[in-house]
Student: 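Next up is a structure, given as structure tokens.
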Amino acid sequence: MSETPMATTMIDNGDGDVTFVREFDAPREAVFAAYTDPDQIVKFFAPEGLTVPRESVTLEPWKGGRCELTMVMGDMEIPFAGVYLDVVEPERLAFHVPGEAMKQEITLTDLGDGRTRITLHQTDVPEQFRGEMAHAGFDSSWNLLAQHLAA
């Protein structure tokens, strides 16, 4: 287990094409399970300061299935919804956000020694979901994921 938290790297490829990368001290199967188990995703999906009530989560991780949840901070609710385009256990989750052109693909790479690299690639990302705020949000969420996986 690493002594210091690993940082999330953001690569802005331009024109709404963004990639986030981070390594975790956990096996790929555990990371995949965290993203596909409603009882686990509530522990890390939202950045710190927000929560995801368990009753708001619907995860059907197969092609054509849904991913729906609500992030909450005080009285503010931020819905998130996606339709799975491709699921390859434990390697990849790809989904589309309905009503928008945005697509996301999460690739999990087994680095050996119980370590996994997450590469999250987004295309057609709306302007408000790019830049340092998005980077900080993913870094915060993935800090929580690292804590969850270490528990």
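The analysis underlying the following values was restricted to heavy atoms, covering all of them including side chains, and did not include hydrogens, waters or symmetry mates.
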Student: Less than 4.5 Å apart, side chain to side chain, heavy atoms only: is that true for D17 and H121?
Tutor: yes
Student: What is the distance from atom CG of L120 to atom CE of M10, rounded to the nearest 0.5 Å?
Tutor: 12.5 Å
Student: With the side chain counted from C-beta on, respond yes when T58 and C67 share a heavy-atom pair under 4.5 Å apart, and no when they do not.
Tutor: no
Student: Drop me the distance from D25's CG to D113's CG, to the nearest 0.5 angstrom.
Tutor: 10.0 Å
Student: Is it the case that the side chain of H135 and the backbone of R130 share a donor-acceptor pair, with hydrogens and angles ignored and the cut-off at 3.5 Å?
Tutor: no
Student: What pair of heavy atoms forms the shortest contact from A34 to H148, and how long is it?
Tutor: CB-CD2, 4.4 Å
Student: Quick check: do T119 and R92 have side-chain heavy atoms less than 4.5 Å from each other?
Tutor: no
Student: Roughly how far apart are S141 OG and M71 CE, rounded to 0.5 Å?
Tutor: 8.5 Å
Student: Is a side-chain donor or acceptor of D86 paired with a backbone partner of A94 at a separation under 3.5 angstrom?
Tutor: no
Student: Find the distance between CD1 (I78) and OG1 (T70) and round it off to the nearest 0.5 Å.
Tutor: 9.5 Å
Student: Any chain of hydrophobic side-chain contacts (each under 4.5 Å) joining I11 to F20?
Tutor: no
Student: Counting distance only, does the side-chain N/O of T36 pair as donor-acceptor with the main-chain N or O of F32 below 3.5 Å?
Tutor: yes
Student: Taking side chain as C-beta onward, heavy atoms only, is F24 less than 4.5 Å from R115?
Tutor: no
Student: Can you confirm whether L50 sits close enough to V72 that some side-chain heavy atom of one is under 4.5 Å from a side-chain heavy atom of the other?
Tutor: no
Student: Taking the side chain as everything from C-beta on, heavy atoms only, tell me whether I118 gets closer than 4.5 Å to E23.
Tutor: no
Student: Determine whether R28 and E91 make a side-chain contact, defined as any pair of heavy atoms from C-beta on separated by less than 4.5 Å.
Tutor: yes
Student: What verdict does the salt bridge (Lys or Arg N to Asp or Glu O under 4.0 Å) test give for D110 and R117, after you've listed the backbone C-alpha separation in whole Å, the side-chain angles of each residue and the deciding distance to 0.1 Å?
Tutor: CA-CA 7 Å; D110 184 345; R117 177 183 303 119; over 6 Å; no
Student: Nearest 0.5 Å please: distance from the CZ atom of F138 over to the CD atom of Q122.
Tutor: 4.5 Å
Student: Among E105, Q104, M102, K103, whose side chain to side chain contact (heavy atoms under 4.5 Å, CB included) with F95 holds?
Tutor: Q104
Student: Do S56 side-chain atoms and P53 backbone N/O form a donor-acceptor pair below 3.5 Å?
Tutor: yes
Student: Hey, does V57 have a side-chain heavy atom less than 4.5 Å from the side chain of V42?
Tutor: yes
Student: May I ask you to say whether D39 pairs ionically with R54, meaning some side-chain N is under 4.0 Å from a carboxylate O?
Tutor: yes
Student: Are F45 and Y35 an aromatic pair, judged by ring center distance below 6.0 Å?
Tutor: no
Student: Enter the distance from T51:OG1 to K43:NZ here, rounded to the nearest 0.5 Å.
Tutor: 14.0 Å
